[in-house]
Every structure is written in structure tokens, then in C-alpha cells.
Amino acid sequence: MKRSSSHRAAAAGRRVAMGLVVLVLLVAGAWSSWDTAHHIVLAKGRDHGTVTVTGCGEEKCTGSFTPDSVSRERPRVTLDRSVAAREGDRFPVVVKPGSDAVVRTGLPGFLHAWVPLAGALLLAAFVIGGGLRMARTAWGVGTAGGALLVATFVAL
């Protein structure tokens, strides 16, 4: 039996709508990740150093910053608690311009910065598989998101 033109139009509309949902998810995940990742990826000219964690609260940890170069030493900087920091830990960081907030660098910091994109990839995989009926693509996107999350967990 032939499909009517209205049925084909509805199917095309569904695919376009699901494609837009996937696009919004991935753009939002990349945008959210880039907010932190650009401090790591484009770190030239920023203050690099090592932080020694001295205490942690609910959401933030504090510590002292020892610069790698002629940057000024900072007695107290803050970083997100979600970077698996415990009191006494030392790791490389870069200072966010115009603040005393730092971002963890190196492979663990780089992977942690892209966690929002990993979550977006996992969510998009369900939309790709269910809404667009593209099972192999969905498995690939979901596997990429899951691999990024697992790599971040192992690195931190």
C-alpha cells in the first residue's frame, strides 16, 4: 500500500524535529563544556601553577596557589569540588582571568571539562535511536559519551 503525501510529510517533520532536538542537546553540551574547557585549551598567557588544597566545602575547595613562572603567588584560590579534590592534594591548575578561581589542567582537567558534552552525547543517543530510528549511529554516539565519562572517572 502506498503512503499518502501527508504521512510522508509527517514523517519528515518528525525527523526534522528530532534532528533539531539532537542539535540543541549537542550544542548545549558543547557550550557548557567550553565554558571551562577554553581555560585549558587556550591557556597561553594565563597564570599556570600548582594548587595545594587546604579545605573543601559543599561546592568549592580552597587552597594556596604556587605559580610555575613569574606570576604572582595567591594565598587563596577556589576550585570546584567536583574535580575529586581532597585536603592535601596537589595538582596543576590555570587561573581564570580576573579572578582567584582556578581550573584543573592536564588530562584529568581536560576530560572533566568535557563532562557536560558527554552527558549531552548520552541523551542525544536516545533521541537518535528512538526518534530518528538510527540505531547504529545512536550506539556510536552513546558509546562516545559513555567512554568520555568513564575516562574522566578513571583520570580523576
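For the single chain, residues carry numbers from 1 onward in sequence order.
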Exercise. If you take all heavy atoms of Gly19 and Leu132, which pair is closest and at what distance?
Worked result: N-CD2, 4.0 Å
For this session: Check the pair Leu79 / Lys60 against side chain to side chain contact (heavy atoms under 4.5 Å, CB included), numbers first and verdict last.
Result: CA-CA 6 Å; Leu79 68 148; Lys60 299 278 184 189; over 6 Å; no
Problem set entry | Salt-bridge criterion met for Asp47 and Arg74 (N-O under 4.0 Å) | yes
For this session: Take Thr105 and Phe110 through the test side chain to side chain contact (heavy atoms under 4.5 Å, CB included) and record every step on the way to the result.
Result: CA-CA 6 Å; Thr105 58; Phe110 180 79; over 6 Å; no
Exercise. Which atoms form the tightest heavy-atom contact between Arg90 and Thr52, and what is the distance?
Worked result: NH1-OG1, 3.3 Å
For this session: Please collect all disulfide bond (SG atoms under 2.5 Å apart) contacts where either partner lies in residues 9-67, sequence neighbours excluded, each pair once.
Result: Cys56-Cys61
Exercise. Gly29 and Ala120: which non-hydrogen atoms are nearest, and at how many Å?
Worked result: CA-CB, 3.8 Å
Exercise. In the single-linkage hydrophobic clustering (I, L, V, M, F, W, Y; side-chain heavy atoms under 4.5 Å), do Trp114 and Val22 co-cluster?
Worked result: yes
Seminar exercise, completed: So CG of Leu117 and CG of Leu25: to nearest 0.5 Å the spacing works out to 11.0 Å
Exercise. Would Leu123 and Val150 show up in the same hydrophobic cluster when neighbours are defined by side-chain heavy atoms closer than 4.5 Å?
Worked result: no
For this session: Go through the steps for Val94 and Val102 under the test side chain to side chain contact (heavy atoms under 4.5 Å, CB included), then give the verdict.
Result: CA-CA 6 Å; Val94 64; Val102 294; over 6 Å; no
Problem set entry | Donor-acceptor contact below 3.5 Å, side chain Ser32 vs main chain Ala28 | no
Problem set entry | Transitive ILVMFWY side-chain link Trp34 to Val103, under 4.5 Å | yes
For this session: Calculate, to the nearest 0.5 Å, the distance between atoms NZ and CZ belonging to Lys44 and Arg46 respectively.
Result: 13.0 Å
Problem set entry | Minimal non-hydrogen separation, Pro108 against Leu156, with atom names | CB-CD2, 3.7 Å
For this session: Heavy atoms only: give me the nearest Leu111-Ala155 pair and the separation to one decimal.
Result: CD1-CB, 3.8 Å
Problem set entry | Pro116 vs Ser33 side-chain heavy atoms within contact, under 4.5 Å | yes
For this session: Using only heavy-atom distances, determine whether the side chains of His112 and Arg104 contain a donor-acceptor pair under 3.5 Å.
Result: no
Exercise. Is there a path of hydrophobic side-chain contacts, each under 4.5 Å between heavy atoms of I, L, V, M, F, W or Y residues, that connects Leu107 with Val115?
Worked result: no
Exercise. Looking at CZ of Arg133 and CE of Met18, how far apart are the two atoms once the value is rounded to the nearest 0.5 Å?
Worked result: 10.0 Å
Exercise. Would you call Asp100 and Arg76 a salt bridge, taking side-chain N to carboxylate O under 4.0 Å as the test?
Worked result: no
Exercise. If two hydrophobic side chains count as joined below 4.5 Å and joins carry through other members, does Leu121 share a cluster with Leu149?
Worked result: no
Seminar exercise, completed: Between the CE atom in Met134 and the CD1 atom in Ile128, the distance rounded to the nearest 0.5 Å is 7.0 Å
For this session: Would you mind reporting whether Val95 and Phe65 have side-chain heavy atoms less than 4.5 Å apart?
Result: yes
Problem set entry | Test item: His39 side-chain N/O and Pro97 main-chain N/O as donor-acceptor pair under 3.5 Å | no
Seminar exercise, completed: Residue pairs passing the salt bridge (charged side-chain N to carboxylate O under 4.0 Å, His left out) test with at least one member in residues 23-39, sequence neighbours excluded, are none
Exercise. With a 4.5 Å limit on heavy-atom distance, are the side chains of Thr62 and Val77 in contact?
Worked result: no
